[in-house]
Amino acid sequence: MPLWVELLLRVGGVLVAFLTLPLLVGQAEHKVMAHMQGRLGPMYAGAFHGWAQLIADGVKFVQKEEITPHGADRPVFRLAPVVALVPYLLVLMVIPLGPGDLVGQPLDIGLFFVLAVVGVGVVAVLMSAWASANKYSLLGGLRAAAQLLGYELPFVLAAASVAMAAGTLSLPGIVEAWQPWWLIWQAPAMIVFFVAGLAEIRRPPFDMPIADSELVFGYLTEYTGLRFAFFLLAEYVGVVVIAALTTVLFLGGWQGPFADAQLGWLWTLLKVAAVSFVIIWFRVSYPRLRADQLQRLCWLVLVPVSLAQLVLTVTVRIAL
């Protein structure tokens, strides 16, 4: 197969995943929250189980007027939603779906690349907050910056633990080195990574930068129409990325209970779906953390646990 054809197929596959998986997560969130909280609205559109709810939301966003505040920095204001989306697209390029060639672009330093790119998300938040010329947006952006800078440390330390255990920064290499007993040995790192990942994508209960009861809607206050929809899409892509990284790093990726490697991609998708469900479950079950609670959880719980896990991983690696 010519190189350019293979390249087109890989990029096309990643784009399809980028455009479809977040929509499936969004639809699932509507239904899961409707069942857990007894909501009738998400079950209405399209009659049967509200199957058309996501379509109705899309039509609503398209019809809404796009307004740019008079005092806003217009180029930055309009560019922020794009900056929020692009890092997640780049991350999906290096996350393996299955063994062999089922990855957009295999990198020997794939984990390093992922951790570096995910951190760019804070730039989009600060851009939208500053460019909106709104005090509530600015407060939300500063909250987001403090939150993301704090939770970046346990996020990286937890990922470093499993990379050290596998002896590689390659994401496919980590999956190949993974063993079922890692579910116990690396469990603290997995919990830290998962919780810090939720904070990185600002999902409840870590949605203090939005806090509609305090800041109207935080850094998203001035966004309407498709620009707001892009930020919402970025949130759902973030859910897919955190679920996929948790799957690849800590849950064995494409490895399943059977030896048939041909079904590897299916195991990956099932695990990503399960982790995404847990993320939605967290949104429904836990109230928003206060600023002091959020920082205390980061510095007094997650950072010490991730450091202890790192020491444990070093000890085990030396002993083996």
Side-chain angles (χ1 to χ4, degrees), residues 9-10 12-36 49 51 53-54 88-89 91-106 110-111 114 118 158-159 162 165-166 170-187 189-195 197-198 200-201 203 233 235-285:
L9 289 175
R10 291 178 182 270
V14 172
L15 284 175
V16 169
F18 179 76
L19 295 174
T20 57
L21 291 181
L23 298 181
L24 294 176
V25 170
Q27 181 77 348
E29 182 168 68
H30 280 96
K31 305 310 169 189
V32 170
M33 292 180 65
H35 283 293
M36 288 185 171
H49 208 71
W51 66 270
Q53 179 61 46
L54 207 62
Y88 295 127
L89 175 60
V91 169
L92 288 177
M93 287 289 296
V94 300
I95 295 180
L97 181 62
D101 294 331
L102 289 179
V103 57
Q105 179 59 51
L111 181 58
V114 165
V118 167
V162 72
S170 167
L171 295 179
I174 291 175
V175 177
E176 291 171 357
W178 184 87
Q179 300 293 330
W181 68 282
W182 285 20
L183 290 172
I184 300 175
W185 175 38
Q186 294 294 326
M190 179 177 66
I191 295 172
V192 170
F193 184 87
F194 179 75
V195 173
L198 291 184
E200 286 283 314
I201 59 176
R203 287 281 300 187
L233 179 63
E235 178 182 336
Y236 287 135
V237 180
V239 171
V240 173
V241 166
I242 294 301
L245 287 175
T246 304
T247 296
V248 167
L249 296 177
F250 300 99
L251 299 179
W254 61 76
Q255 296 193 42
F258 307 109
D260 188 3
Q262 299 299 322
L263 294 178
W265 60 272
L266 181 59
W267 290 119
T268 302
L269 292 179
L270 288 175
K271 293 175 184 178
V272 170
V275 177
S276 299
F277 173 79
V278 174
I279 294 175
I280 297 171
W281 192 354
F282 265 61
R283 174 174 183 172
V284 178
S285 303

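Sequential numbering from 1 along the given sequence is applied to the chain's residues. We use all heavy atoms of the structure for the numbers below, so side chains are in, but hydrogens, waters and symmetry mates are not.
In this structure, Tyr88 has no ring pair (Phe, Tyr, Trp, His ring centres under 6.0 Å) partners at least two apart in sequence or on a different chain. Take Trp281 and apply the ring pair (Phe, Tyr, Trp, His ring centres under 6.0 Å) test, not counting sequence neighbours, and it matches Phe277. Residues forming a side-chain contact (heavy atoms from CB on, under 4.5 Å) with Val175 (at least two apart in sequence, or on another chain): Val248, Trp254, Gln255. For Lys271, the side-chain contact (heavy atoms from CB on, under 4.5 Å) partners are Thr247, Leu251, not counting sequence neighbours. Arg283 pairs by the salt bridge (Lys or Arg N to Asp or Glu O under 4.0 Å) definition with Glu29, not counting sequence neighbours. By the side-chain contact (heavy atoms from CB on, under 4.5 Å) test, Ala165 pairs with Trp182, Trp185, Gln186, Thr313, sequence neighbours left out.
The two atoms that bring Gly26 and Leu54 nearest to each other are C-CD1, 4.3 Å, heavy atoms only. Nearest heavy atom pair, residue Leu171 against residue Pro96, reads CB-CD, 3.7 Å. Minimum heavy-atom separation, Val241 to Ile95: O-CD1, 4.4 Å.
Side-chain contact check for Leu270 versus Trp267: some heavy-atom pair is nearer than 4.5 Å. Counting heavy atoms from C-beta on, the side chains of Val237 and Val25 never come closer than 4.5 Å.
Partner Phe250 forms a ring pair (Phe, Tyr, Trp, His ring centres under 6.0 Å) with one of Phe193, Trp178, Phe194 and no other, that one being Phe193.
With values rounded to the nearest 0.5 angstrom, Leu111 atom CG is found 8.0 Å from Leu245 atom CG. Once rounded to the nearest 0.5 Å, the distance linking CZ of Arg203 with CD1 of Ile242 reads 11.5 Å.
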N/O donor to acceptor pairs below 3.5 angstrom from side-chain atoms of residues 12-24, sequence neighbours left out:
residue	atom	partner	partner atom	Å
Thr20	OG1	Val16	O	2.6

